[in-house]
Amino acid sequence: MSRTLALGARRIGYEIRAYFRQGDAVFFGFLFPIVMLTIFAVAFSEAEFGRDADGNVVSAAVFYLPAMLAAGVLLSGLQNMALDIATEKSDGTLKRLAGSPLPVISYFMGKIGQVLVSGILQAILLLVIAAVAFGVDLPDSPERWLTFVWVFLLGIATSAILGIGLSGIPRSGKSASAVIIPIVLVLQFISGVYLQFSMLPDWLQNVASVFPLKWMAQGMRSAFLPDELKVLEQGETWNLPGIAIVLAIWLIVGLVLARLSFRWIRKDS
Amino acid sequence: MTQHTGHAVSVRGLRKQYGSFAAVDGVDFEIVRGETFALLGPNGAGKSTTIEILEGYRDRTSGEVSVLGVDPQKGGLAWKARLGIVLQDSGESGNVTVREQLSHFAALYPNPRGVEETIAAVGLEAKAGTLIRRLSGGQRRRVDVALGMIGRPELLFLDEPTTGFDPQARRQFWSVIRSLKDDGTTILLTTHYLDEAAQLSDRVGIIAGGTLLDIGTVDQIGGADARVPVVRWLEHGVLHEERTTEPGRLTHELVARLGEPEGLEVIRPSLEDVYLQLVGSHEVLA
């Protein structure tokens, strides 16, 4: 077991190094939410997204920060993981590893570690840019930061595990982005990332509530938006227990899916 | 299954069926420890299927297989640590340097070879700090070979290892393989270069249509008949050719009759000639 953990730690370093050296994934997975936050903050700089208890305007940057944090979790976790593993399956990386004495657990430790590290860096970058460039006041209560931390960790774990499960669907590395990116994109549109969730029709809100991203975005809003804005949520509450339950269910679904679908190689292909 | 201590690989009645098509149709062979064995055959003959069954990548339909005393279908991590595998193709994104990749793989094995020593053995010292994706095809292939040997394997699989090598790189590769052999490594090689097989292997097996046509040492395979030398000469501008077990005597007669014969050649069939003859006659039958 100690060998598995030591090799897992080595894999994390190896994966992070390789991740930041590939230009396209760094842009589409890592920098994308930051670019989008900038665009929204600039494009809607005159718009008003509500008011807090003191009557201060909620700006676009404030409003979109939690949405982009949630999008980042989904992109760093699910999209990055699913595309990465699908590519490694088709380009021979997994085949080579399958012939080496690397434990599967160490391989996944490396992947999840890479997702976690890039996800954390991405979140920090988003928070810093929001605060410095767009003057967003970050929360000052420890409870809100605690909410952010658990929503982030549970969200990224769920996304990463679901990404492993989804990596088995594309038949080739080339078709992987065509399969995975539409799923991620549609989820972002219906889950209150790009469009205000409260403006979506009830039936669409209900559909989105089945999937984890809506809950991650809601959790992020509860951490970063003034409490007055919770009237815009379903049931006019942040519903933190609901967030925890839905994400935990998806985490378990992801684990089962990953366990059933992951193979080092497609035998007899 | 009985364990043959003298055998690194033992294959009995191996079959691999895809639907109604038998990719491997009853193959038997053994590889002695320390031996270099080449499996030769045209594309689609069943070479790669056989080698991938031995490596544990594919499950067999029937037959008995033992690799280092273990059934590859049940081989665990400790078994994999004793193997070195150079696959036929690799197309990894290669966002790590040669040195990083080798150090990383070295850490997976209990008793690895030195990283710099291995880089030098495949002649990539000048490229050690280069990202693998920036290397040429032949250089990437050398990284594959280096990764295959980094764990000091007892048994090394080389599936068409020198595709894309220039002649000099191929010679250098041969000397690497000879030094591995001197260290006692058992090697299973497939190649389309018959001179390579003749240079490196102790024994060769020729496979076509999923069956083994012949197996033996490089200078015995194909049987005595296939080894009969050919004498060629020009007589009044016409090419003559005669197969004879006594080329010296024929040459002597020619000299007596014609003086110094024009364009005289005594040709001993190479492994390539024997191979083409065997595979060709198989295709005629099939």
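Chain naming here is simple, since letters A, B, ... match the order of the sequence lines and numbering starts at 1 in each. Keep in mind that this is a model prediction, so the values were computed, not measured.
With respect to chain A, the highest number of heavy-atom pairs below 4.5 Å among B:E100, B:R133, B:Q101 belongs to B:E100. Contacts with chain B were tallied for A:P103, A:G92, A:G99; A:G99 has the most, counting heavy-atom pairs under 4.5 Å.
Of the two parts of B:T49, neither the backbone nor the side chain holds a non-hydrogen atom closer than 4.5 Å to a non-hydrogen atom of chain A. Heavy-atom distances place the side chain of A:L7, and not its backbone, under 4.5 Å from chain B.
Interatomic distance, A:R96 CZ to B:I85 CD1, rounded to the nearest 0.5 Å: 10.5 Å. With rounding to the nearest 0.5 angstrom, the OG1 atom of A:T4 is 7.5 Å from the CG atom of B:L77.
The shortest non-hydrogen separation linking B:V96 to A:R21 is CA-NH1, 3.4 Å. Nearest heavy atom pair, residue B:F105 against residue A:S100, reads CE2-CB, 4.4 Å. A pairwise comparison of heavy atoms in B:L108 and A:R3 identifies O-NH2, 2.9 Å as the closest pair. Counting all heavy atoms, side chain and backbone alike, A:A98 lies closest to B:Y57 at CB-CE2, 3.9 Å.
Looking at heavy atoms from C-beta onward, B:E52 lies in side-chain contact with A:K95 at the 4.5 angstrom threshold.
By the 6.0 Å contact criterion, CG on A:L185 is enclosed, its count of non-hydrogen atoms from other residues, nucleotides or ligands being greater than 12.
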